[in-house]
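Because the structure is a prediction, the values reported are computed rather than measured. Along the sequence shown, residues carry numbers from 1.
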Amino acid sequence: MRRRTSTPEPRVGAAAPAPRRRGDWQTIRLLIPYLWRYRVRVLLALGFLIAAKVANVGVPVVLKGIVDALTPGVAATIAAPLALVVAYGLLRLSTTLFTELRELIFARVTERAVRTIALQVFGHLHALSLRFHLDRQTGGLTRDIERGTRAISTLVSFTLYSILPTLVEISMVIGYLALRYDPWFSLIAIGALAVYVVYTVIVTEWRTHFRRTMNELDSKANTRAIDSLLNYETVKYFGNERFEAERYDDTLGHYERARLKSQASLSLLNVGQSAIIAAATTLIVWRATLGVASGRMTLGDLVLVNGFMIQLYIPLNFLGTLYREIKQSLTDLEKMFGLLDANREIDDAPGAKALTVAHALGPRLRFDHVHFSYDAARPILHGIDFSVAPGSTTAVVGASGAGKSTLSRLLFRFYDVTGGRILIDGQDLREVTQDSLRAAVGIVPQDTVLFNDTIGYNIAYGRPGADRSAILDACRSAQLDALVAALPEGLDTRVGERGLKLSGGEKQRVAIARMLLKDPAILILDEATSALDTRNEQAIQGALRAVAAGRTTLVIAHRLSTVVDADQIIVLDHGRIVERGTHAELLAREGVYARMWAAQAQERERI
């Protein structure tokens, strides 16, 4: 037996571990590398930020000079105030200029980080196992990604464009006050700042759980809405529009109450912040007024101090809002990064090589004593053992739930076997790359789901970049050319959500054409003609037989009339092979297959 080197297999059916919660700084540390890739732009933007704040702090200083120069009793020529007025205007312009340059330089960093992370999450979601996607809630998942990508822009924008500039300006202002004036000015400013920050952090932390609750309820409402709309026909079949509306309204009601609690706590935060700012500004102006009255300060100093306070506390007034938005963004970003923590379950083994197919007629396929269960408590396959010779067709038949479709999922490696192995030309599927494996296997599934795009797009999906003539050839082979010719827009006809504008038979023919365009070495036909009428089924069966002639083919069928020409027929019953042979051999045995054949023959006669 070949030595198997693969990644450890997870316990099938085990509950997925709960996403681990990160702290805010851990989330920020995950984000920083995406930004630091553009360190030159980051550092240049920081330089413009500091320049803008130096100019902004200089505005009240120059205004003080203008006021002092115009104060009665101060000897001055008109040239001095005029020069200061020009400097005042230039500093105002410089503040805006440097701010816009900072945003222009850093915009590419932000957008590229959003693009990179969104693409990474998107790729990771496609790399996750089928089990994850069967358990997911599409509406909530898309909302988490949407909020997460938006959170990156919000987080970077508020920290670089609001929080950091405010901190730089606060440092400059307090430093200037400490050097030039009574220590009380800087002490009042520092004390008010400390009280403001502590109050903001405490109240905002208290409010954070309201935001998390809102996010959860928002995702839940979105999930219910999308799930209901995707199942539009089912809702109509049972007349449950009111029921769906009531379920949706129930979720919206919970969301509304969470928003009202959040708004009430926000009002409390804003009132407290305003009280702290008002008290600090009043104390500062009072100290400056006493200084002017005693002759220790000039009118220009009073204007300067008041200007500093206005300049400083206007952005500081929004610190609570900014902090709340940053906390919210970190929460949303943590949720999206949590998707990257989801276990891939099925991954390429270290050193996995590309699958090689040497035989001209296709590879040899072997199920070697395969055991499998979706849930450890309910085994599905029990020691399945059979081979499919190169270029031959093997059909797997049996009652519903016998495990037929599970074989195709294992062959695509949507799951790993829990016992035994599956070999293609002697290569264990767990030892080859998934990309090369899936490139070699094509399938026409029983339930065909199409993209909400054109017929041509859905067919070309089998081989992106295929030219129009190749697509039309695939249409003819799949007996789809008559439909395309009859449509006013031909291949450019849109098929609607999940292909609902097409009939079941038309969707299945599109799936067949898509598979034919892919031109794989191994074909899997999972009830490939189940949605077709008898005339179209016979025509397409002929086309499929022609295509399968040079390939290894596995047919999963319920209607036995579609597999009578198979080189080998495997009969499954409750996950076990109970019979195998050709159609004639199995009929002669008068066993399970023969009874199934007789039952279906009687059914056809009744029809």
Side-chain angles (χ1 to χ4, degrees), residues 357-372 380-400 402-412 417 420-427 429 440-446 515 520-530 537 540-601:
V357 177
H359 204 287
L361 295 177
R364 176 178 295 277
L365 178 60
R366 173 76 190 281
F367 285 79
D368 184 13
H369 296 91
V370 169
H371 294 261
F372 178 74
I380 300 297
L381 300 179
H382 306 268
I384 300 299
D385 188 88
F386 68 91
S387 294
V388 184
S392 69
T393 297
T394 291
V396 180
V397 300
S400 297
K404 304 187 299 297
S405 293
T406 299
L407 297 177
S408 65
R409 291 178 172 182
L410 292 175
L411 187 53
F412 266 100
V417 298
R421 54 184 183 164
I422 302 175
L423 306 172
I424 296 178
D425 276 349
Q427 302 159 89
L429 300 193
V441 183
I443 186 170
V444 178
Q446 180 178 1
M515 182 275 296
I522 299 175
L523 296 184
I524 301 176
L525 306 176
D526 189 355
E527 300 283 1
T529 59
S530 61
E537 179 186 36
I540 292 180
Q541 281 289 350
L544 290 176
R545 279 195 294 271
V547 173
R551 295 173 175 83
T552 302
T553 305
L554 182 66
V555 180
I556 297 169
H558 174 71
R559 286 192 285 188
L560 304 185
S561 59
T562 63
V563 299
V564 294
D565 294 330
D567 299 297
Q568 176 185 214
I569 298 174
I570 304 293
V571 183
L572 287 186
D573 185 31
H574 294 94
R576 290 181 170 85
I577 297 178
V578 293
E579 291 180 344
R580 71 178 76 200
T582 64
H583 173 70
E585 291 170 346
L586 292 174
L587 287 180
R589 291 178 189 170
E590 299 182 352
V592 175
Y593 181 85
R595 290 193 294 273
M596 290 172 60
W597 177 265
Q600 291 188 14

Reported CD1-to-OG1 distance for the pair I522 and T552, which is rounded to 0.5 angstrom: 6.0 Å
Student check: side-chain heavy atoms of F372 and I384 closer than 4.5 Å: no
Check: H583 and V563 side chains under 4.5 Å, non-hydrogen atoms: no
Distance in Å, E579 CD paired with E585 CD, rounded so as to fall on 0.5 Å steps: 11.0 Å
Considering all heavy atoms, the nearest S408-I556 contact: CB-CD1, 3.9 Å
Backbone N/O of H369 and side chain of D385: donor-acceptor pair under 3.5 Å: yes
Contact check, side chains of R576 and D573, non-hydrogen atoms, under 4.5 Å: no
Reported CG-to-CG distance for the pair L572 and L407, which is rounded to 0.5 angstrom: 6.0 Å
Pair R366 + D425: basic N to acidic O under 4.0 Å: no
Could you list the donor-acceptor pairs under 3.5 angstrom formed between side-chain atoms of residues 386-398 and any protein atom two or more places apart in sequence or on another chain?
from, atom 1, to, atom 2, distance (Å)
S392, OG, A389, N, 3.1
S392, OG, A389, O, 2.7
T394, OG1, Q568, NE2, 3.0

Main-chain N/O of A399 paired to K404 side chain as donor or acceptor, under 3.5 Å: yes
Separation of L381 CG from T406 OG1 (nearest 0.5 Å): 5.5 Å
Heavy-atom donor-acceptor pair, R589 side chain to R580 backbone, under 3.5 Å: yes
Single hit among L411, V441, L423 for side chain to side chain contact (heavy atoms under 4.5 Å, CB included) with L429: L411
Over all atoms of both residues, closest heavy-atom pair of L586 and A594: O-CB, 4.1 Å
Atom NE2 of H558 with >12 non-hydrogen neighbours under 6.0 angstrom: no
Gap between atom CH2 of W597 and atom CG of L587 - 0.5 Å precision: 6.5 Å
Residue pair V555, L523: steps toward the side chain to side chain contact (heavy atoms under 4.5 Å, CB included) verdict: CA-CA 8 Å; V555 180; L523 296 184; over 6 Å; no
Side chain to side chain contact (heavy atoms under 4.5 Å, CB included) partners for A440, two or more places apart: L355
Separation between CD1 of I524 and CZ of F412, rounded to the nearest 0.5 Å: 5.0 Å
